[in-house]
Amino acid sequence: DMHGGAVSVSADGAAISASGFDIQANAIGNYSSGPAGSAGTATGGTASVLASNGGSITVDDKSGKALLSIAANGVGSSGPDPANAMGGSATLEANDGTISVLGDARLTADGLPSIGLFGVQTGSGLAATGGTASALIDAGAAGTGAISATNLIVEADGDAGSEMRG
(Lines give C-alpha, C1' and ligand atoms only; values in the text may rest on other atoms or scores of the structure.)
Protein backbone atom coordinates (compact mmCIF):
# COMPACT_ATOMS: atom_id res chain seq x y z
CA ASP A 1 0.00 0.00 0.00
CA MET A 2 1.02 3.59 -0.62
CA HIS A 3 0.13 6.35 1.86
CA GLY A 4 0.64 10.10 1.54
CA GLY A 5 2.16 11.73 4.58
CA ALA A 6 1.15 14.84 6.49
CA VAL A 7 2.13 18.39 5.55
CA SER A 8 0.95 21.59 7.15
CA VAL A 9 1.70 25.27 6.95
CA SER A 10 0.53 27.55 9.74
CA ALA A 11 0.69 31.31 10.28
CA ASP A 12 -0.17 31.59 13.98
CA GLY A 13 -0.02 35.31 14.81
CA ALA A 14 2.54 35.75 12.02
CA ALA A 15 2.59 36.42 8.27
CA ILE A 16 3.53 34.25 5.30
CA SER A 17 3.80 35.74 1.82
CA ALA A 18 4.62 33.88 -1.40
CA SER A 19 4.12 34.21 -5.14
CA GLY A 20 2.90 30.60 -5.35
CA PHE A 21 1.96 27.97 -2.81
CA ASP A 22 1.85 24.21 -3.41
CA ILE A 23 1.64 21.58 -0.68
CA GLN A 24 1.04 17.92 -1.42
CA ALA A 25 0.45 14.74 0.55
CA ASN A 26 -0.25 12.44 -2.38
CA ALA A 27 0.08 8.68 -2.77
CA ILE A 28 0.75 7.26 -6.22
CA GLY A 29 -0.03 3.62 -7.00
CA ASN A 30 1.94 1.73 -9.59
CA TYR A 31 0.77 -0.50 -12.39
CA SER A 32 1.29 -4.04 -11.19
CA SER A 33 2.16 -6.82 -13.56
CA GLY A 34 3.35 -8.98 -10.68
CA PRO A 35 1.58 -11.59 -8.58
CA ALA A 36 -1.87 -11.03 -7.11
CA GLY A 37 -1.91 -8.68 -4.15
CA SER A 38 1.16 -6.72 -5.22
CA ALA A 39 -0.45 -3.42 -6.25
CA GLY A 40 -2.11 -2.30 -2.98
CA THR A 41 -4.11 0.88 -2.39
CA ALA A 42 -2.93 4.48 -2.85
CA THR A 43 -4.35 6.66 -0.04
CA GLY A 44 -3.76 10.40 0.03
CA GLY A 45 -2.42 11.89 3.25
CA THR A 46 -3.27 15.08 5.13
CA ALA A 47 -2.44 18.53 3.75
CA SER A 48 -3.47 21.69 5.60
CA VAL A 49 -2.96 25.45 5.53
CA LEU A 50 -4.02 27.51 8.56
CA ALA A 51 -3.98 31.21 9.43
CA SER A 52 -4.87 31.77 13.09
CA ASN A 53 -4.72 34.28 15.95
CA GLY A 54 -4.32 37.31 13.68
CA GLY A 55 -1.97 35.50 11.30
CA SER A 56 -2.09 36.00 7.56
CA ILE A 57 -1.16 34.10 4.43
CA THR A 58 -0.91 36.05 1.17
CA VAL A 59 -0.29 34.44 -2.21
CA ASP A 60 0.42 37.06 -4.90
CA ASP A 61 2.48 36.66 -8.06
CA LYS A 62 1.75 40.28 -9.14
CA SER A 63 -0.16 39.05 -12.23
CA GLY A 64 -3.48 38.21 -10.57
CA LYS A 65 -2.96 34.55 -11.50
CA ALA A 66 -1.33 33.23 -8.33
CA LEU A 67 -2.14 29.68 -7.26
CA LEU A 68 -2.51 28.21 -3.80
CA SER A 69 -2.75 24.44 -4.24
CA ILE A 70 -3.44 21.95 -1.46
CA ALA A 71 -3.55 18.30 -2.57
CA ALA A 72 -4.08 15.01 -0.74
CA ASN A 73 -4.82 12.74 -3.67
CA GLY A 74 -4.70 8.99 -4.02
CA VAL A 75 -3.76 8.01 -7.58
CA GLY A 76 -4.31 4.36 -8.42
CA SER A 77 -3.66 2.27 -11.48
CA SER A 78 -5.50 -0.39 -13.44
CA GLY A 79 -3.80 -3.64 -14.33
CA PRO A 80 -3.84 -7.35 -13.59
CA ASP A 81 -3.95 -6.42 -9.89
CA PRO A 82 -5.23 -2.82 -9.71
CA ALA A 83 -3.97 -0.23 -7.24
CA ASN A 84 -7.16 1.30 -5.82
CA ALA A 85 -7.28 5.03 -5.07
CA MET A 86 -8.57 6.86 -2.01
CA GLY A 87 -8.37 10.61 -1.45
CA GLY A 88 -7.00 11.97 1.82
CA SER A 89 -7.76 15.26 3.59
CA ALA A 90 -7.06 18.76 2.22
CA THR A 91 -7.95 21.75 4.43
CA LEU A 92 -7.71 25.53 4.09
CA GLU A 93 -8.65 27.28 7.33
CA ALA A 94 -8.79 30.83 8.65
CA ASN A 95 -9.36 30.88 12.43
CA ASP A 96 -9.14 34.52 13.52
CA GLY A 97 -6.72 34.83 10.59
CA THR A 98 -6.72 35.93 6.96
CA ILE A 99 -5.89 34.01 3.79
CA SER A 100 -5.71 36.07 0.60
CA VAL A 101 -4.97 34.59 -2.83
CA LEU A 102 -4.70 36.98 -5.77
CA GLY A 103 -5.64 34.16 -8.12
CA ASP A 104 -7.02 30.69 -7.48
CA ALA A 105 -7.12 28.50 -4.40
CA ARG A 106 -7.50 24.80 -5.25
CA LEU A 107 -8.05 22.03 -2.70
CA THR A 108 -8.17 18.42 -3.89
CA ALA A 109 -8.66 15.16 -2.03
CA ASP A 110 -9.36 12.99 -5.07
CA GLY A 111 -9.20 9.27 -5.70
CA LEU A 112 -8.13 9.05 -9.35
CA PRO A 113 -6.67 6.69 -11.94
CA SER A 114 -3.27 7.24 -13.47
CA ILE A 115 -2.40 6.82 -17.10
CA GLY A 116 0.89 5.43 -15.87
CA LEU A 117 4.36 5.65 -17.26
CA PHE A 118 3.42 3.67 -20.35
CA GLY A 119 -0.01 5.17 -21.10
CA VAL A 120 -3.34 3.47 -20.50
CA GLN A 121 -2.80 0.05 -18.92
CA THR A 122 -4.71 -3.15 -19.56
CA GLY A 123 -6.39 -5.41 -17.04
CA SER A 124 -8.92 -4.81 -14.30
CA GLY A 125 -10.11 -1.33 -13.40
CA LEU A 126 -9.60 0.23 -10.02
CA ALA A 127 -11.92 1.42 -7.27
CA ALA A 128 -11.72 5.15 -6.52
CA THR A 129 -13.07 7.03 -3.50
CA GLY A 130 -12.86 10.75 -2.84
CA GLY A 131 -11.53 11.99 0.49
CA THR A 132 -12.35 15.19 2.39
CA ALA A 133 -11.63 18.69 1.09
CA SER A 134 -12.64 21.66 3.28
CA ALA A 135 -12.39 25.43 3.25
CA LEU A 136 -13.22 26.71 6.75
CA ILE A 137 -13.61 30.15 8.29
CA ASP A 138 -13.82 30.16 12.07
CA ALA A 139 -14.48 33.32 14.01
CA GLY A 140 -12.51 32.48 17.15
CA ALA A 141 -12.01 34.65 20.23
CA ALA A 142 -11.43 37.78 18.15
CA GLY A 143 -14.51 37.08 16.03
CA THR A 144 -12.66 37.40 12.73
CA GLY A 145 -11.50 35.21 9.89
CA ALA A 146 -11.44 35.59 6.12
CA ILE A 147 -10.53 33.68 2.98
CA SER A 148 -10.45 35.48 -0.37
CA ALA A 149 -9.52 34.20 -3.82
CA THR A 150 -10.50 34.85 -7.41
CA ASN A 151 -11.75 31.25 -7.59
CA LEU A 152 -12.04 28.76 -4.75
CA ILE A 153 -12.10 25.19 -6.11
CA VAL A 154 -12.76 22.45 -3.55
CA GLU A 155 -13.09 18.86 -4.74
CA ALA A 156 -13.08 15.34 -3.38
CA ASP A 157 -13.82 13.23 -6.45
CA GLY A 158 -13.77 9.47 -6.68
CA ASP A 159 -13.24 8.94 -10.42
CA ALA A 160 -12.31 5.48 -11.65
CA GLY A 161 -14.03 5.94 -14.98
CA SER A 162 -11.46 7.69 -17.10
CA GLU A 163 -7.72 7.25 -17.25
CA MET A 164 -7.64 10.11 -19.75
CA ARG A 165 -8.87 12.75 -17.28
CA GLY A 166 -6.93 15.94 -17.56
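Predicted, not measured: the structure shown is a model, and the values here were computed from it.
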When every non-hydrogen atom of Ala109 is compared with those of Ala90, the smallest separation belongs to CB-N, 4.3 Å
Checking Thr46 against Thr91 for the side-chain contact (heavy atoms from CB on, under 4.5 Å) test, could you report, in this order, the C-alpha distance in whole Å, the side-chain angles of both residues, the deciding distance, and whether it holds? CA-CA 8 Å; Thr46 301; Thr91 305; over 6 Å; no
Here the gap from Met86 atom CE to Thr129 atom OG1, rounded to the nearest 0.5 Å, amounts to 4.5 Å
Tightest non-hydrogen contact, residues Ala156 and Gly131, listed as CB-O, 3.3 Å
4.5 Å side-chain heavy-atom contact, Ile99 and Ile137: no
Should Leu152 and Leu67 be regarded as members of a common hydrophobic cluster, given that ILVMFWY residues are connected when their side-chain heavy atoms come within less than 4.5 Å of each other, either directly or indirectly? no
Just by modelled atom types, is the Leu112 backbone N or O under 3.5 Å from a matching donor or acceptor in the Asp110 side chain? no
Is the shortest heavy-atom distance from the side chain of Val59 to the side chain of Leu102 under 4.5 Å? no
Taking all non-hydrogen atoms of both residues, which atom of Ser56 and which atom of Ala11 are closest, and how far apart? O-CB, 3.6 Å
Is there a donor-acceptor pair closer than 3.5 Å between any side-chain N or O of Asn84 and the backbone N or O of Thr41? no
Closest heavy-atom pair, Gly4 versus Ala27, reported as atoms and distance to 0.1 Å, is N-CB, 3.5 Å
In this structure, would Val7 and Val154 fall into the same cluster of hydrophobic residues linked by side-chain contacts under 4.5 Å? yes
Side-chain H-bond candidate by donor/acceptor type, Asn73 with Thr108, under 3.5 Å: yes
Hydrophobic clusters here meaning ILVMFWY residues chained together by side-chain heavy-atom distances under 4.5 Å, can you tell me if Leu107 and Ile23 are in one? yes
As an exercise, state the distance from CD1 of Ile70 to CD of Glu93, rounded to the nearest 0.5 Å. 10.5 Å
Return the minimal non-hydrogen interatomic distance between Gly76 and Ala85, and the atom names on each side. N-CB, 3.4 Å
Among side-chain atoms of Asp61 and Ser63, is any donor-acceptor pair under 3.5 angstrom? yes
Under the 3.5 angstrom rule, does the side chain of Asp96 hit a backbone N or O of Gly145 as a donor-acceptor pair? no
Compute whether any side-chain donor of one residue and acceptor of the other, for Asp104 and Asn151, lie under 3.5 angstrom apart. yes
Pairwise distance CG(Leu50) to CG(Leu92) - rounded to 0.5 angstrom: 9.0 Å
On a heavy-atom basis, which atom in His3 and which in Asp1 lie closest, and how many Å separate them? NE2-CB, 3.7 Å
Can you tell me how far OG1 of Thr144 sits from CG of Asn95, rounded to the nearest 0.5 angstrom? 8.5 Å
Tell me, with the steps shown, if Ile147 and Leu136 meet side-chain contact (heavy atoms from CB on, under 4.5 Å). CA-CA 8 Å; Ile147 297 174; Leu136 307 167; 6.0 Å; no
Could you go step by step and tell me if Phe21 and Ile57 meet the side-chain contact (heavy atoms from CB on, under 4.5 Å) rule? CA-CA 10 Å; Phe21 207 99; Ile57 297 173; 4.3 Å; yes
